[in-house]
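Numbering of ligands and ligand atoms starts at 1, following listing order.
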Amino acid sequence: TMIMVDGTASHAIPPLLYGQMFEDINHSGDGGIYAELLQNRAFQQVTPNTTAALYAWSAINGARINVIADPSPISSALPNSLQLIIPQGTSGQVGFGNEGYYGIQVNSEWTYNASFYYKFSAASAFDGAATVTLQSMGEAYATASVPISGSQTAWKQVAVSLTPTSSPASTANNFTVTFDGSNAAGQTIDFAMFSLFPPTFKDRENGLRIDLATTLSEMKPSFFRLPGGNNLGQTWATRWQWNVTVGPLINRPGRMGDWGYVNTDGLGLLEYMYLCEDMEIEPIMAVWAGYSLNDESLPEDELATYIQAAIDQINFVIGDPATNEYAALRASLGHPDPFRLTYVEIGNEDFFGSESYIYRWKDFAGILRAAFPHLRFIATTYPFNPILNPAPELYDNHVYSTPDYFVENAFYYDAYERNGTYYFQGEYAAISTNAADVFGSLGRLMYPTVQSSVGEAAYMIGFERNADIVFATSYAPLLMNVANYQWSPNLVAFDASRVYPSTSYYAQQLFSTHRGTEYLPSTLPTYNGTLYWSVTRNTTLRTVYIKVVNYDAAPASMTFALPFEVASAGLVTVITGSADTSNSPTTPDAVVPTTFKMTFAQTFNYTAPAYSVSALTAYLV
Ligand SMILES: O=S(=O)(O)O[C@H]1C[C@H](O)[C@@H](O)[C@@H]1CO
């Protein structure tokens, strides 16, 4: 294949072309990137006096534990507490433990911060101590003692640091709080708001798990879509409410997320903004827009409260503390300066509720555009279907399908009308090999495969060729706790101690780290073929990037004819492997990018391996 490259750029590569879509699905947040190690730490959204309320907690050595609706709760947001009764006649260490989110990594290089609140519902003469440990099967890796006084009838927070003496390979460890049964016999003690944190990304308080945040950061994304796809809330009752996700953790009630588990909202709006700030990326932030399942959306005359909530949410992020109370709240929480924000999404996948979106978009976009004229608002129905007023400048397209679909549709955006509308490919992934049952189980992928990642890459070549109208793209979903997930495949899998970047993660990383600032037209790939390429240039770095995608089972020989000179010394980074290969916990590095030196000339040859994604880097002379 002979490819002629044009030296005149046709369009810029927009700054946000590659980024990340986040929502708390598959324990992406709680039990994932949010670094809290204890599951069900505050008994949020559980029914007292049930076994389920004790999820992840267990009694030790004869203790009796129960989640109660506390008559004097730690806060109105956290009505439940854990009541411990130490029966008469017990001896040894008696108390309770937490198993974490399917394990707890114990690392002797880390100092852990543990804390909890306690009170005695009735004053007692008890004057002793709680032993706090990180342990497995009775072997304590870290131990600390906390004075506990029976005179403490009001809630009191206690904190200890734990430094393990070894790093067990297994993550089957527990956080425990116990008492010496002999001298604590007969005591009843209430507990609330437990927390156990390891060191965090950029040392941020209430922050992020370092290995996961680092992996995401190393993909060099430019944006972070939050707080969700579906987890924005598909019903009024379960909607995400920004204002109850900020401030002290004991004031955050949490909510039942859209994926079947309680969201603590410890990863709240301010934490999301710090994530963006610490990863030097900008948010694409959604506001809940009155959508309900089965199109039982809020009627137009009930929207005002939620439009105001959206205004307040935006002001919390970018408002002036001198003039806006929610911006002042941000300042009081330690961040007086506004955060970066350009893009605000109105709802999520409102094509499921497009009839009501006609008025919901009209009112949300109309009022928010007037309130924030410099922000850009994204519609989430199908483009121009239905027709919306005011006309959206931006649409968020989502597509999940087979690897073949992405190859067959590599020219999807070439056919789009250029009419001043720009597109966010906010969610896409090859999720199944079975076109007849994409969302079902037949052919569904557990992890991305070389074939699915190469298929996606063909589609991504189309993003660059059409970056005059495609301004942002992100694979979805981003994260998956392999111990408890609701959706597969995902970009990055993880367990309690390890991160497993997928073949699609490496493809995303390859495109994102070889972006260029402008697109150079070239001979068009064959429509519905197996070989795709794009040429971009970074005028500042004086580099030329050529991405090549070969979806064929055979290598592809190519000749590129450049209209300018390049240095002979260049590089090529390749991702390749057999079609069905995945990176997984059992084969974490089955496919990783490899980089080679490559000799360039104004006309040069390149052979793309079978099933491969390549990024060639040449240097202008
Ligand atoms: O069942 S779907 O609608 O396909 O769910 C998808 C679309 C939604 O925005 C996101 O939350 C979810 C997984 O990424």
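Of the protein's non-hydrogen atoms, E23 OE2, 3.1 Å is the one closest to atom 10 (C) of ligand 1. Closest protein heavy atom to atom 5 (O) of ligand 1: N230 ND2, 3.3 Å. Taking atom 3 (O) of ligand 1 as the reference point, the nearest protein heavy-atom neighbour is E349 OE1, 3.0 Å. When hydrogens are left out, the protein atom nearest atom 9 (O) of ligand 1 is E427 OE2, 2.8 Å; that is the closest non-hydrogen contact.
Annotation: W487 places no N or O atom under 3.5 Å from an N or O atom of ligand 1; distance criterion only. In terms of polar-atom proximity, R225 is not counted as a contact of ligand 1, lacking any N or O under 3.5 Å from an N or O of the ligand.
Stacking of K547 on the aromatic ring of F511 is recorded, both the 6.0 Å distance cut-off and the 45° axial limit being met.
For the ring pair (Phe, Tyr, Trp, His ring centres under 6.0 Å) criterion with Y343, the lone passing option out of Y422, F471, F424 is F471.
With a heavy-atom cut-off of 4.0 Å, N231 does not touch ligand 1 at all.
Using a 30° and 60° split on the angle between ring planes, Y413 and Y423 fall in the tilted class, from 30° to 60°. Between Y272 and F224, the ring planes lie tilted relative to each other; the angle falls in the 30° to 60° range.
Taking every heavy atom of N348 and a limit of under 4.0 angstrom, the matching atoms of ligand 1 come to 9 (O). Within ligand 1, the atoms closer than 4.0 Å to a non-hydrogen atom of G229 are 9 (O), 11 (O), numbered from 1 in the order shown.
Closest heavy-atom approach to atom 14 (O) of ligand 1 within the set W259, Y400, F439, Y428: this belongs to Y400.
When all heavy atoms of W487 and I25 are compared, the closest pair comes out as CB-CD1, 3.7 Å.
For E36 (side chain) and L38 (main-chain N/O), a donor-acceptor pair under 3.5 Å exists by modelled atom type.
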| request: Walk me through it: do D396 and R225 pass the test salt bridge (charged side-chain N to carboxylate O under 4.0 Å, His left out)? | output: CA-CA 11 Å; D396 176 7; R225 177 174 171 235; 3.6 Å; yes
